[in-house]
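Counting convention: from 1, in listed order, for ligands and their atoms alike.
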Amino acid sequence: MSGSLLVDNIGELVTNGAGEGPLGIRRNAAVLVEEGRVVWVGASAYAPAADHHVDAGGAAVLPGFVDSHAHLVFAGDRAAEFAARMAGQPYTGGGIRTTVGATRAATDDELRATVRRLRGEALRQGTTTMEIKSGYGLTVADEARSLRIAAETSTETTFLGAHVVPAEYADRPDDYVGLVCGPMLAAAAPHAKWIDVFCERGAFDVDHARAILACGQAAGLGVRLHANQLGPGPGVQLGVELDAASVDHCTHLSDADVAALADTARSDGSGTRTVATLLPGAEFSTRSPYPDARRLLDAGVTVALATDCNPGSSYTSSMPFCVALAVREMRMTPAEAVWAATAGGARALRRDDIGVLTPGARADLVVLDAPSYLHLAYRPGVPLIRQVIRNGAPQ
Ligand code: NIG
Ligand code: FE
């Protein structure tokens, strides 16, 4: 769309910048957009003229959701595994290998269609930025093509060759780590911005995780990791040691883990350097205890919320669902949850141009079918996204 766009008659605007309360709320507001950027925010009554116009009709408007953790490149589903869990089976992560088999057997176009379908689904639920990981290929060629396909849809792409040790390397994990750090990283790096490791009992231990993440860093990738999902462990502290942008899951944390994350805020001064990204869809779908967001927030840790969209542990693309879960099950206030799903996700991707609606930010906006952001938690399961504007363009 060419020309300027004015969104006015906004009853409640969440800016995550200057304004009332932690969400920087402005009432009876308007936002002017030019060339994909917010150029003015102010009172609707004084809004400048523009080429195009969206009347929010008194509804709430917020920054588009930033989903900083999703696994969209895969084939098949694991509905039967979900049903077995709901009948009492535990989640171990072992089902990842089932999806690896299906993904290797799929054509590029099949994988591409799945990524597009899920990305479209998320967009309709207000997600304007979505990180996409590889991790179901686990060969040099399959990880490279997964990232090539992911990069067609997002600039936030993550190499997760270290998701699990594939069956053909089961009795020689050191050799697999060598493959990941060598030819697989070389093939993946041109299409990836980040590197990730599933650091967990049954996946990669802390020494392997450190070696892989260090190789990724040396190749110019930023660090993020899956840590402390299924039990306590050294993953979170490894993330802090390596200045990870985010440690994800954080379901089982010791006091020392929380303190280490909080300390990354103190040394930086401008907010936490290493964000704790909580993925309540995974606890929902694995029927596990939820992470204690309150403990992290009270310690001063920056918290993000993301979907973890994947066919095994969390097959949802819905950020509003995650917000509702975080409020109901994780002792977050609605304001904390909405911040975590927008600005928090941006911090987890080390971005300051998204997750906020202030002059200079990318014009990624969501118009709700509701008068307040509170309704995202208050009316769970209801389609409340009336309109999405991405990069200044109504979708
Ligand atoms: O983030 N924990 C590791 N990876 C995914 C699960 C993947 C799967 O079960 O297929 C997660 O939950
Ligand atoms: Fe994940």
Report task. Carefully, step by step, assess V323 and V338 under the rule side-chain contact (heavy atoms from CB on, under 4.5 Å). Result -> CA-CA 6 Å; V323 166; V338 166; 4.2 Å; yes
Query raised in the report: Do the side chains of V7 and W40 join up, straight or via other hydrophobic residues, at under 4.5 Å, putting them in one cluster?
Result: no
Report summary line: protein heavy-atom neighbour closest to atom 11 (C) of ligand 1 works out as D308 OD2, 3.1 Å
Query raised in the report: Which of parallel (below 30°), tilted (30 to 60°) and perpendicular (above 60°) describes H226 and H71?
Result: tilted
Report summary line: Apart from Y46 itself, members of its ILVMFWY cluster (side-chain separation under 4.5 Å) are none
Requested in this report: Could you check which N/O/S atom of H69 is closest to the Fe ion (ligand 2)?
Outcome: NE2
Query raised in the report: If only atom types and distance count, is the side chain of E131 paired as donor or acceptor with the main-chain N or O of A70 below 3.5 Å?
Result: yes
Query - For atom 12 (O) of ligand 1, closest protein heavy-atom neighbour - result: S313 OG, 2.5 Å
Query raised in the report: Between Q229 and ligand 1, which residue portion shows a heavy-atom distance shorter than 4.0 Å: side chain, backbone, both, or neither?
Result: side chain
Report task. Just give me the atom name: the N, O or S atom of H226 closest to the Fe ion (ligand 2). Result -> NE2
Query - ring pair (Phe, Tyr, Trp, His ring centres under 6.0 Å) evaluation trace for F284 with Y290 - result: CA-CA 8 Å; F284 177 89; Y290 289 90; 7.7 Å; no
Query raised in the report: L349: which other cluster members, linking ILVMFWY side chains closer than 4.5 Å, directly or transitively?
Result: V66, W194, I354
Query raised in the report: Of all the atoms in ligand 1, which lie at a distance below 4.0 Å from a heavy atom belonging to H69?
Result: 1 (O)
Query raised in the report: Between OD1 of D308 and NE2 of H71, what angle is found at the Fe ion (ligand 2), rounded to 10 degrees?
Result: 90°
Report summary line: Here the atoms of ligand 1 under 4.0 Å from any heavy atom belonging to H163 are 3 (C), 4 (N), 5 (C), 7 (C)
Requested in this report: With heavy atoms under 4.0 Å as the rule, classify the contact between A282 and ligand 1 as side chain, backbone, both or neither.
Outcome: neither
Requested in this report: Over 60° means perpendicular and under 30° means parallel, so classify the ring planes of Y315 and F74, tilted if in between.
Outcome: perpendicular
Requested in this report: Using a strict 4.0 Å cut-off to heavy atoms of Y136, name the atoms of ligand 1 that fall inside it.
Outcome: 7 (C), 8 (C), 10 (O)
Requested in this report: Starting from atom 6 (C) of ligand 1, locate the nearest protein heavy atom and write down its residue, its atom name and how far away it is, to 0.1 Å.
Outcome: Y91 OH, 3.1 Å
